[in-house]
Amino acid sequence: MGAVHGQKIADLNARIDRLPTLGFSNLTFLIIGLSYFFVYFDISVIGFTLPKLTEVFHLTATEAAYPVTLYLIGYVIGDYLLSLVADRVGRRKALLYTVLIVAIGGFLSAFAWDLWSLSIFRFITGVGTGAEIAIASTIITEFSPSKSRGKYLQLMYFWGAAGLTVTPFISIALINLENGWRIIFGLGALVAIVLIFMRARFLPESARWLVINGKAEEAERLVADMERRVRLKTGKELPPVPMVPPENESSGSVTKTLFSPPYLKRTVITLAFWLVWLITTYAYLSYAPTILIESGNTASSGLLFTALGYLGTPVGALIALIFIDKVERKYFMFFVTVVFAGSLCLMTIVSSNFFVILGAFMCSMMIAANSAGYVYMAEIFPTRVRTTGVAITEGGGQIGGIIAPFLTVALLNVIGGIGTLYVLAVIVLCSGLIILIGGMRTTGLELTKIAGDPTSASQHTKNISGL
């Protein structure tokens, strides 16, 4: 990359980073937010349809894990491949591809006729949803000013929190209808179709991506429009553009870059965090009613307690919104895992419905609060490889989700529901220790500095740790 081109990239990034507020329309904000809503609806819906699917298709406990596992395998594959597309042809096009695949997979899932057709169709759906969060997080990160990047990503996650919150109640309302589970899967596909048309018309490309891919004039027009919108919103003149050194991003293979210094440690630590975190998260999201039933609750109370617990999701999202730009990300993420572990232990007090519901409520809170992890991983990689970096870390971490159903079934068979909750608590606490010890500081820093520019890094060694 030439010095002139590098300086142009840095200058454009600095213009975005110094904005006092987000520079695109509320409609665009809504369109991206719906990505989060749909992904979390789709992830959690299987946990509430699985008991009915087990009954309809006469599945064993092991067979019931296949649709969950195939979905997550598709998630990992789609996350990586579509994120490569996003880094090469643009965030906007890739996000359109994801939602098209999701619509196809969702409709096919609604018409599944046996275990294997359902598993294959869930695999297709997983390929589409895999990159949704990676690309949506990247777009918001690249449009956001540095001092409020966490806040805007967290506001996006409120849509995910809404998806987690409404899914159990939609499922409970529809699951006992004739073909109710088909209706539930079909609803997700309908949301995807709406998103296709909205994104095609109203979703802009990332200016940071445009400028590093030789489309400086288009990037300039987009940033100028962002600045115009911010002036209209605030009624004030913009702050001056700070002087920044040229951005020095590596060239060559995207994947090779992520597994080479200085990004190797970032990639490995973040991947390890997500892999371990998602073992417990998917075990909880997919098997919480089953675990509670195995712990001594009735089938109806297991479903109800889990559904009531999901009401904690928006509370957790609000907590993260309040603290996301005030507390260093990795410390906040560690705190979340500690509370999550304690909440799982609280659910073992099956003699008290209050403590079971409170534990479930706090578990949902912490799953939502860990949206800070999405902010963190979208910050630590340079623009050229950002979406793929998010895909490899969070998407690769879905291997933990693939492990989760088999581990959960095995634990339930060997040590029962209460023992399973204790083991899951230990696992999620380990994820917190990984990010606490190996993570880096990112809160409030410009993306150019976090990316590892040699000049800026030498000037900010007190602010950036671990790399």
Side-chain angles (χ1 to χ4, degrees), residues 1 9 13 35 39 75-92 94-95 98 130-144 146 149-150 153 156 206 208-209 211-213 247-278 329-330 333 370-400 431 434-435 438-443 445-453 457 464 466-467:
M1 179 184 298
I9 294 171
N13 287 343
S35 300
V39 168
Y75 191 110
V76 173
I77 293 171
D79 205 348
Y80 178 67
L81 294 179
L82 290 170
S83 292
L84 283 175
V85 171
D87 280 331
R88 291 176 180 173
V89 306
R91 288 47 166 133
R92 180 178 177 276
L95 210 51
T98 66
E132 282 272 321
I133 293 295
I135 301 172
S137 297
T138 296
I139 289 175
I140 290 295
T141 297
E142 293 179 351
F143 271 98
S144 297
S146 60
R149 190 166 54 239
L153 268 167
M156 287 288 98
S206 162
R208 299 186 200 250
W209 181 87
V211 73
I212 71 165
N213 284 277
E247 184 162 327
N248 183 23
E249 295 192 356
S250 58
S251 58
S253 165
V254 170
T255 304
K256 182 179 179 181
T257 298
L258 291 166
F259 285 96
S260 302
Y263 307 114
L264 173 61
K265 183 180 178 183
R266 307 182 193 193
T267 302
V268 171
I269 290 296
T270 313
L271 173 59
F273 166 78
W274 281 110
L275 193 153
V276 179
W277 164 267
L278 288 174
R329 313 268 199 249
K330 70 172 187 173
M333 292 162 68
N370 193 50
S371 52
Y374 293 106
V375 179
Y376 174 83
M377 68 178 174
E379 295 173 316
I380 61 175
F381 301 112
T383 303
R384 190 178 68 86
V385 299
R386 179 167 292 120
T387 311
T388 306
V390 173
I392 287 177
T393 52
E394 190 266 346
Q398 300 295 326
I399 294 171
S431 71
I434 289 170
I435 203 68
M440 63 182 292
R441 296 175 183 268
T442 63
T443 303
L445 294 176
E446 291 87 347
L447 292 179
T448 301
K449 295 172 184 174
I450 299 172
D453 178 80
I464 301 179
L467 294 171

> Does a side-chain heavy-atom distance below 4.5 Å link Trp209 with Thr138?
Replying inline: no
>> Is any side-chain heavy atom of Ser137 closer than 4.5 Å to one of Leu153?
In response: yes
> Taking only residues two or more places apart in sequence, or in another chain, which ones meet Thr443 in a side chain to side chain donor-acceptor pair (under 3.5 Å)?
Replying inline: Glu328
> Does Ser206 have any side chain to side chain donor-acceptor pair (under 3.5 Å) partners at least two apart in sequence or in another chain, and if so, which?
Replying inline: Glu142
>> Between Asn370 and Trp274, does the side-chain contact (heavy atoms from CB on, under 4.5 Å) criterion hold? Intermediate values first, please.
In response: CA-CA 11 Å; Asn370 193 50; Trp274 281 110; 3.9 Å; yes
> Do Thr442 and Arg149 get their side chains close enough for a donor-acceptor pair, meaning under 3.5 Å?
Replying inline: no
>> When you compare the side chains of Tyr75 and Glu132, does any donor N or O come within less than 3.5 Å of an acceptor on the partner?
In response: no
Do any N or O atoms from the side chain of [X] and from the backbone of [Y] form a donor-acceptor pair under 3.5 angstrom?
X	Y	answer
Arg91	Ile139	no
Tyr376	Met440	yes
Ser83	Tyr80	no

For [X] and [Y], which heavy atoms make the closest approach, and how far apart are they?
X	Y	result
Val375	Gly150	CG1-CA, 3.8 Å
Ser260	Lys256	OG-O, 2.6 Å
Val254	Arg384	CG2-NH1, 3.9 Å
Leu82	Ala131	CB-CB, 3.6 Å

Between atom [atom1] of [X] and atom [atom2] of [Y], what is the distance when rounded to the nearest 0.5 Å?
X	Y	atom1	atom2	result
Ile135	Thr388	CD1	OG1	9.0 Å
Thr387	Ile392	OG1	CD1	11.0 Å
Leu84	Asp79	CG	CG	10.0 Å
Met333	Ile434	CE	CD1	10.5 Å
Leu275	Thr393	CG	OG1	11.5 Å
Thr141	Met377	OG1	CE	9.0 Å

> Can you check side-chain contact (heavy atoms from CB on, under 4.5 Å) on Phe381 and Thr267, steps first, answer last?
Replying inline: CA-CA 9 Å; Phe381 301 112; Thr267 302; 3.5 Å; yes
>> Name the residue from Arg441, Arg386, Lys330, Arg329 that meets the salt bridge (charged side-chain N to carboxylate O under 4.0 Å, His left out) definition with Glu379.
In response: Arg329
